[in-house]
Amino acid sequence: MEGAVVTAYAWPADARAALCVTFDLDAESPYIWRTRADPPADVAELEQRRYGPRRGVEHLLAVLDRTATPATFFVPGWVATQHRNAVRDVVAAGHELALHGWCHEPPDQLTPDELRATLRRARDVIGDLAGRAPRGYRSPSWRMTPTALDVLAELGLAYDSSLMGDDRPYDVGGLVEIPVDWTTDDAVHYRYTGHGERAPVAPQLVVDSWRDELAGARDHGALVMLTMHPWISGRPARAHRLEQLLHEAHGLDDLWIGTAGALADHHTDLPHSAQRTRVARDEIGRPDDDR
Ligand SMILES: [Zn+2]
């Protein structure tokens with residue numbers, strides 16, 4: 001019997017799989033956006049979220065430093081103006097900054113003009129702090145529309161990291177997509193604000209499940225995209241388990257570990273035949289077999 005057709009993705013450094021470590025530095029911006037019609041009054045949620053820039057970033061930067069792990073931080077522009085020192089610390093540690101709206105507005109709640117204006121404003125603030133223009137975007141709440149993709153391409157961004165249509169980098173609407181996955185988002189497992197959510201899962205169990213994600217990715221030649229939030233994963237026990245996982249990951253010689261921007265650059269440089277999935281702008285609404 002003939003073997004299966006080899007469709008392995010050409011990862012950087014001839015690796016079998018890849019790991020991106022990313023943080024969405026939301027702080028209190030989602031709450032500010034959600035309560036914009038009424039002045040924010042819930043000091044408890046504001047303070048819980050401010051733990052991110054106040055303490056979480058410091059703990060997580062220590063983990064990244066001790067494991068020599070480069071990371072991407074998606075930062076709303078407003079957060080960069082409110083928590084300048086935390087963002088400066090991220091930049092000083094050499095990590096990538098990328099866009100995450102102005103005040104965490106999901107793009108499907110803005111007109112194209114509003115999206116353009118918020119991202120231009122955010123790009124200026126983030127660019128000033130980073131000393132270079134941000135090249136990537138992650139949509140707040142992982143919402144996306146065809147016109148939002150147009151605006152991202154028009155702004156000259158190199159990549160988006162908000163969609164789940166593949167487990168390897170792919171092309172959507174003229175942008176490189178560095179895909180995400182709810183399973184490897186910390187909020188699904190840990191987020192708890194005392195409003196009747198399910199109790200947070202123990203860090204050991206979460207990191208065990210992410211260990212399985214790494215094993216599966218190495219079996220199947222896929223990307224593991226960790227999406228974490230400093231106000232959530234910056235808590236000491238969670239940071240402690242993350243550090244164990246990163247130490248183990250660096251011991252795997254078939255795993256490439258790098259930033260979303262580095263992976264987007266790699267994907268852009270690949271010959272087209274090696275790029276597996278392409279969804280052109282006018283094909284976004286159609287199933288693959290109809291193209
Ligand atoms: Zn966010």
Side-chain angles (χ1 to χ4, degrees), residues 20-36 40 42 45-57 59-61 71-84 86-87 90 95-110 114-115 118-119 121-123 125-126 129-130 134-145 148-149 151-152 157 159-164 177-193 195 197 200 206 225-235 238-239 242 259-261:
C20 281
V21 177
T22 66
F23 297 94
D24 297 357
L25 182 46
D26 293 346
E28 68 270 58
S29 63
Y31 178 78
I32 301 288
W33 172 252
R34 200 166 71 236
T35 59
R36 63 195 179 282
D42 186 349
E45 184 167 346
L46 287 168
E47 281 297 297
Q48 185 181 1
R49 289 179 164 283
R50 285 173 183 151
Y51 179 87
R54 192 180 286 151
R55 297 291 293 151
V57 166
H59 296 322
L60 292 165
L61 287 178
T72 301
F73 285 72
F74 295 91
V75 185
W78 179 87
V79 170
T81 66
Q82 302 296 306
H83 302 285
R84 212 167 268 272
V87 178
V90 170
H95 303 293
E96 178 188 14
L97 293 191
L99 299 176
H100 196 45
W102 176 254
C103 193
H104 210 269
E105 314 88 344
D108 58 347
Q109 296 178 19
L110 300 178
E114 287 170 339
L115 179 62
T118 55
L119 290 186
R121 196 172 167 203
R123 185 178 60 182
V125 170
I126 301 288
L129 280 166
R135 302 170 52 249
Y137 171 76
R138 171 169 287 160
S139 77
S141 309
W142 287 344
R143 309 275 178 74
M144 188 53 75
T145 68
L149 286 170
V151 171
L152 299 179
L157 294 177
Y159 73 92
D160 171 66
S161 182
S162 318
L163 302 173
M164 301 183 207
E177 178 63 36
I178 306 296
V180 296
D181 180 4
W182 282 117
T183 313
T184 46
D185 180 323
D186 64 348
V188 171
H189 308 284
Y190 292 144
R191 189 185 185 283
Y192 187 83
T193 61
H195 292 95
E197 306 103 317
V206 173
M225 166 62 75
L226 290 183
T227 299
M228 295 170 284
H229 302 75
W231 73 277
I232 297 174
S233 279
R235 294 280 169 183
R238 297 169 184 170
L242 174 66
T259 63

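Because only heavy atoms are used, hydrogens play no part in the values below, and waters and symmetry mates are left out as well, while side chains stay in. The model shown is predicted, which means the values in this text are computed figures rather than measured ones. Note that ligands are numbered from 1 as they come in the structure, with each ligand's atoms numbered from 1 the same way.
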Nearest-0.5 Å distance that lies between atom CZ in R121 and atom CH2 in W102: 4.0 Å
Side-chain heavy-atom pair M164, W142 within 4.5 angstrom cut-off: yes
D186/R238 ion pair, N-O < 4.0 Å: no
Partner set under side-chain contact (heavy atoms from CB on, under 4.5 Å) for D108, not counting sequence neighbours: P106, R143, T145
Partners passing salt bridge (Lys or Arg N to Asp or Glu O under 4.0 Å) against E105 (at least two apart in sequence or in another chain): none
Every N, O or S from the protein that is nearer than 2.8 Å to the Zn ion (ligand 1): D26 OD1, D26 OD2, H100 NE2, H104 NE2
Where at least one partner belongs to residues 71-82, residue pairs that pass side chain to side chain donor-acceptor pair (under 3.5 Å), sequence neighbours excluded: T72-E96
